[in-house]
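The structure under discussion appears below in the form of structure tokens.
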Amino acid sequence: MRGWPLIKLLPQKTNFHFVKYARFAAVLSVVLCVASIVACFIPGLNMGIDFRGGASMEVSKPAGQAIELDRVREAVNGLNLGDVQVQGIARRDTNVDDGSTAILRFQVPEGRDQTQVVNQVESAISQTVGEVQYSGVSVVGSKVSGELFTSGLLALAVAIGLMFLYIWFRFEPQFGFGAVIGLLHDVILTFGLIVLFRLEFSLNMVAAILTVIGYSMNDTVVVFDRLRENLRKYKTMPLREVIDLSLNETLSRTIITGVTAVMVLAALAIFGGEALFGFSVALMFGIIVGTYSSIYVGAPIILLWGVKRGALAEDAKPIKLGMASRP
């Protein structure tokens, strides 16, 4: 069986000096991370209904009868409920988007009865667009949304902590520290992307960030495994050269894996609709940044910290070539 034809476009052996540009990459990463952290507070995340409280429902007419999205939006906007989102979706019974079904999302103001607000919305829509059916009504209170937001952040923190313990026990402390810094780098920049493009931060987005953490850790483990092998193999080679060698040896695998994942996510972003668009974009960005962090965040930190080669250093004796001298 022959391999993937496009793999021939990748060189079998590369000799890039990654460590040479580590300082420039470090400055760039610090600037982007600081900007992303500031952006999370000013202007802040675009919280979804899951985290800010609100309601969502499906509005539908009989099959083949188009529902006017603009009129639905105007009817709900007249109630002064804050942010209102209306999007056409496929029918549940036929899984076909014939324009007869839409999903409506709106905020429930604090201090107002949720059931009463939902009834007002249904009445306003019926008076504007005629007889419609309502289904899938979901209401999330502000207290519940705050608990969900806290739980989402806690899940991210626990995931990063468990990854640190895994790398620490599998390798050495400096490897674990480099991996965690790389994960934090990826998560912070992904938050920055979410703020920059005003993507809705919902539970789907938390799932995307957790997936980014898993992918980034997988890529980091591959690099660290090769680095550990080369540290045993080249016991007297300078550490920066061993790091460059390890990164070059894993480069083709990293590119193929990353490009394949991005292609799948690009298709999901294009054909998955608005509900999956933000998830797909965040995940694509996270994969690209995760590849970058494995090269220019995790590995350079190991270079700064250094590696105690332990028993490897004890066996690192110069090899004498030629015949041994006779007594």
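We use all heavy atoms of the structure for the numbers below, so side chains are in, but hydrogens, waters and symmetry mates are not.
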In one Ile/Leu/Val/Met/Phe/Trp/Tyr side-chain cluster, 4.5 Å: [X], [Y]:
X: V264; Y: L283; value: no
X: L251; Y: V221; value: yes
X: I103; Y: V121; value: no
X: L247; Y: L245; value: yes
X: I188; Y: V289; value: no

### Query
Does the pair T128 and V72 meet the rule for a side-chain contact (heavy atoms from CB on, under 4.5 Å), with working shown?
CA-CA 7 Å; T128 303; V72 172; over 6 Å; no
Under a 3.5 Å distance rule, please check whether [X] uses its side chain to pair with a backbone N or O of [Y] as donor and acceptor.
X: T257; Y: T254; value: no
X: D244; Y: H17; value: no
X: K61; Y: V129; value: yes
X: R105; Y: A55; value: no
X: Y234; Y: V242; value: no
X: N204; Y: F279; value: no

### Task
Would you check, one step at a time, whether the test side-chain contact (heavy atoms from CB on, under 4.5 Å) holds for N230 with R226?
CA-CA 6 Å; N230 287 335; R226 183 57 59 89; 3.7 Å; yes
Any chance you could measure [X], atom [atom1], to [Y], atom [atom2], to the nearest 0.5 Å?
X: I89; Y: T101; atom1: CD1; atom2: OG1; answer: 6.0 Å
X: Q120; Y: F106; atom1: CD; atom2: CZ; answer: 10.0 Å
X: R71; Y: E74; atom1: CZ; atom2: CD; answer: 8.0 Å
X: S100; Y: Q133; atom1: OG; atom2: CD; answer: 10.0 Å
X: M47; Y: M205; atom1: CE; atom2: CE; answer: 11.5 Å
X: S246; Y: L239; atom1: OG; atom2: CG; answer: 9.0 Å

### Message
Is the ring pair F201/F191 parallel, tilted or perpendicular, if the boundaries are 30 and 60 degrees?
### Response
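Rings of F201 and F191: tilted, 30 to 60°.
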Kindly give the heavy-atom pair with the smallest separation between [X] and [Y], and that separation in Å.
X: F18; Y: Y296; result: O-CE2, 3.0 Å
X: V195; Y: G44; result: CG1-O, 3.9 Å
X: G286; Y: T190; result: CA-OG1, 4.2 Å
X: A102; Y: I67; result: CB-CG2, 4.3 Å
X: G178; Y: I301; result: CA-CG2, 3.9 Å

### Task
Given side-chain hydrogen bond (donor to acceptor under 3.5 Å, both in side chains), test S60 with Y134 step by step and report yes or no.
CA-CA 7 Å; S60 62; Y134 304 97; over 6 Å; no
### Task
Check whether more than 12 heavy atoms from other residues, nucleotides or ligands sit under 6.0 Å from atom CZ of R198, and answer yes or no.
yes
### Message
Check this for me: E241, atom CD, are more than 12 non-hydrogen atoms of other residues, nucleotides or ligands nearer than 6.0 Å?
### Response
yes
#### Entry: Note, R73 side chain near D70 side chain (heavy atom, < 4.5 Å)
yes
### Message
Just so I know, are the side chains of N119 and E122 near enough to count as touching, which here means a heavy-atom distance under 4.5 Å?
### Response
yes
### Task
Would you sort out whether L193 and L189 count as a side-chain contact (heavy atoms from CB on, under 4.5 Å), showing the intermediate values?
CA-CA 6 Å; L193 177 82; L189 290 189; over 6 Å; no
Would you list the atom pairs, donor with acceptor, under 3.5 Å between side chains in residues 207-218 and any protein atom, with sequence neighbours excluded?
{"residue": "T211", "atom": "OG1", "partner": "A207", "partner atom": "O", "Å": "2.8"}
{"residue": "Y215", "atom": "OH", "partner": "G258", "partner atom": "N", "Å": "3.4"}
{"residue": "S216", "atom": "OG", "partner": "D186", "partner atom": "OD2", "Å": "2.5"}

Acceptor/donor pairs from residues 27-43 side chains to any protein atom, 3.5 angstrom cut, sequence neighbours excluded:
{"residue": "S29", "atom": "OG", "partner": "A25", "partner atom": "O", "Å": "3.0"}
{"residue": "S29", "atom": "OG", "partner": "H185", "partner atom": "NE2", "Å": "3.3"}
{"residue": "S29", "atom": "OG", "partner": "Y292", "partner atom": "OH", "Å": "2.8"}
{"residue": "S36", "atom": "OG", "partner": "L32", "partner atom": "O", "Å": "2.8"}

### Message
Please determine whether side-chain contact (heavy atoms from CB on, under 4.5 Å) holds for the pair V76 and L104, giving the CA-CA distance in whole Å, both sets of side-chain angles, and the decisive distance to 0.1 Å.
### Response
CA-CA 9 Å; V76 181; L104 169 67; 3.9 Å; yes
### Task
Kindly write out the residues that satisfy side-chain hydrogen bond (donor to acceptor under 3.5 Å, both in side chains) with Q116, not counting sequence neighbours, or none if the list is empty.
none
